[in-house]
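Working notes, structure below.
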Protein chains: 2
Amino acid sequence: MTRQQHAASTDQDLARTVKRSKAPAISRAAAVLRLLGKSENPLGVQAIARELGLVPSTCLYVLRALADEELVSFDPDTKRYALEAGVLTLARQWLRRNQFNDLAQPLLDRLAQTFGATMLGVQTMGLDHMIVVAISQSGQSFQLSTQIGSRFPALISATGRCIAAFGDYSEAELEARFSTLRWDEPPTFAEWKQQVSLARTQGFAVDQGNYISGVTVVSAPVWKARGKPSHALVATGIGSALKRSGLPELQDGLVSAARSLSNQLCGDVSADWT
Amino acid sequence: MTRQQHAASTDQDLARTVKRSKAPAISRAAAVLRLLGKSENPLGVQAIARELGLVPSTCLYVLRALADEELVSFDPDTKRYALEAGVLTLARQWLRRNQFNDLAQPLLDRLAQTFGATMLGVQTMGLDHMIVVAISQSGQSFQLSTQIGSRFPALISATGRCIAAFGDYSEAELEARFSTLRWDEPPTFAEWKQQVSLARTQGFAVDQGNYISGVTVVSAPVWKARGKPSHALVATGIGSALKRSGLPELQDGLVSAARSLSNQLCGDVSADWT
DNA sequence: CTTGGTTGTTCTATATATTGAATAGCACTC
DNA sequence: GAGTGCTATTCAATATATAGAACAACCAAG
């Protein structure tokens with residue numbers, strides 16, 4: 001069972017986005033790409049159109065355009081479409097010019113080695129979700145498998161508490177989002193709010209088996225600029241194992257890594273100004 | 001100096017694609033994404049429009065749509081656009097359901113270990129280019145750095161000779177493409193044709209310092225179906241080092257790995273037929 | 001402070017992308 | 001072999017995305 005879940009992008013959502021935008025074809029194209037990404041096997045025109053609430057002919061034109069751009073592959077025999085390798089090229093280009101990754105990776109590697117935990121670097125995307133952009137596996141212990149590019153709802157687990165703590169969102173917004181989350185051991189909203197306050201004073205957040213039973217997650221926010229944190233460093237591991245290798249030390253290491261990263265990222269910006 | 005080069009996608013090309021397509025916004029969007037990928041730093045609306053020959057207002061709408069889809073990031077302060085992490089999500093999804101990668105990776109790892117070479121798995125995209133989709137570094141020697149997602153012109157180096165040898169393209173097509181290639185030590189078209197013939201009879205191709213002086217590249221084709229090869233396994237290394245660790249053995253290993261891979265990939269297809 | 005040359009953004013007429021029905025093909029069942 | 005239900009695809013009318021100019025906001029130089 002895979003853990004990640006997106007804000008269910010329904011036909012309704014797509015329809016609204018398409019209406020508002022001045023370039024609806026692009027919203028449709030993105031929806032098609034996401035659908036093909038989710039799907040286990042290649043899909044035909046009708047299946048895609050039905051799933052996304054598109055007109056088949058429009059959907060066909062979208063697919064042809066995407067195939068021309070090598071973002072989608074087309075099998076002439078089966079008339080099925082799937083994602084194509086062109087998306088890889090874009091991803092590499094993004095990774096290349098992303099200083100967060102370059103700076104975070106060695107820090108994550110060191111922490112993973114020291115504490116035998118699986119370390120993640122995540123990028124926050126408002127209250128919608130966060131995206132895993134860097135990973136370091138400890139190698140020895142059994143890993144909690146997550147992959148680069150995975151998306152999680154914004155307020156879940158330890159990082160969710162950080163986002164809530166340092167993002168100054170209204171309580172109404174938070175509660176609305178909170179109510180849609182799925183946890184193994186869901187905290188009440190009151191409990192969660194208290195943990196968020198604690199995170200605000202401590203500078204990091206902990207999830208002790210709420211999101212996944214038996215798994216402890218620690219998260220510390222990273223800033224690229226003043227305002228809401230843009231990223232977070234995350235440590236995950238089996239609760240008992242993390243306790244044995246020293247949870248307080250891990251928390252300290254994580255927080256100081258996150259702080260040094262924030263300094264470097266903000267510093268680079270000011271270097272551009274000169 | 002980076003080696004890769006794309007078929008220079010000029011404004012002309014884009015203009016033609018846009019005209020032909022029934023969904024021009026998508027071609028524009030793809031062009032914008034590629035441009036942002038190439039660019040070292042974030043770009044403004046005008047710069048993008050100028051570079052791609054787009055109308056600024058249209059360009060703005062494209063960018064806004066892409067930003068809505070989290071494929072492009074927008075900095076409200078500087079009004080600059082760049083690639084966003086959404087492209088990572090798509091790439092991961094592509095990698096997940098790609099059996100070539102799953103099957104090729106262990107073979108590449110073994111060959112890289114045995115021969116101290118940098119191994120690549122590439123996917124061919126017609127006569128336009130090929131894309132690196134899997135990598136295994138030997139770890140010990142200093143690596144010839146290439147990254148997943150890199151694009152190379154189709155007919156370059158050893159893999160180019162394989163594509164020409166097993167793709168049954170007309171000589172006119174080949175010569176047109178061949179003439180645009182950049183090599184360190186360019187072969188004449190006649191020499192190259194001879195090497196292509198050799199590759200056809202041997203079942204693999206070698207590039208001895210043509211593409212990059214001092215670097216030897218060996219490539220063996222992989223088929224996913226009858227017809228043109230869809231992929232290739234590639235070994236690269238310093239010429240002298242490869243000779244020392246046994247070039248004939250490397251060639252044998254590469255060819256047999258490619259053959260076994262072809263069998264598995266085609267076998268899956270025939271399994272679908274039953 | 002004004003001027004000149006940028007930039008990003010809004011606005012509206014018109015060329016055109018999108019729609020939904022009609023067409024064409026393919027694989028079954030009867 | 002005709003019929004049934006599915007596909008993918010084409011086509012022409014119309015709703016609309018786009019182009020180009022006008023606008024606004026900024027910065028640097030005089």
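Chain letters run A, B, ... following the sequence lines, proteins first, then strands; residues in each count from 1.
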Side-chain polar contacts of residues 77-84 of chain A - donor-acceptor pairs under 3.5 angstrom, sequence neighbours left out - could you list them?
unit_1	atom_1	unit_2	atom_2	d
Thr78(A)	OG1	Arg80(A)	N	3.4
Glu84(A)	OE1	Gln123(B)	NE2	3.0
Glu84(A)	OE2	Gln123(B)	NE2	3.3

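Remark: Glu173(B) pairs with no residue by the salt bridge (Lys or Arg N to Asp or Glu O under 4.0 Å) rule, at least two apart or across chains. The ring pair (Phe, Tyr, Trp, His ring centres under 6.0 Å) check on Phe100(A) picks up His231(A), with sequence neighbours excluded. By the ring pair (Phe, Tyr, Trp, His ring centres under 6.0 Å) test, Phe166(A) is found to be paired with Trp223(A), residues two or more places apart in sequence or in another chain being considered. Residues that satisfy the side chain to side chain donor-acceptor pair (under 3.5 Å) test with Ser219(A), not counting sequence neighbours, are Thr159(A).
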Could you go through nucleotides 25-29 of chain C and list every protein N or O atom that sits under 3.5 Å from one of its N or O atoms, giving the distance for each pair?
none

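For residues 61-76 of chain A, every residue pair satisfying the salt bridge (Lys or Arg N to Asp or Glu O under 4.0 Å) rule, not counting sequence neighbours, is listed here: Glu69(A)-Arg34(B). The stretch residues 35-60 of chain A participates, sequence neighbours left out, in no ring-ring contact (aromatic ring centres under 6.0 Å, His included) pair at all.
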- prompt: With the sugar-phosphate defined as primed atoms, P, OP1 and OP2, and the base as all remaining atoms, what B/S/- string results for nucleotides 6-13 of chain C, 5' to 3', for protein heavy atoms under 4.0 Å?
  reply: -SBSBB--
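Of the residues Leu174(A), Ile156(A), Thr124(A), the one that meets the side-chain contact (heavy atoms from CB on, under 4.5 Å) test with Ile163(A) is Thr124(A).
The CG-C1' distance, from Leu63(A) to dT18(C), rounds to 15 Å in whole Å.
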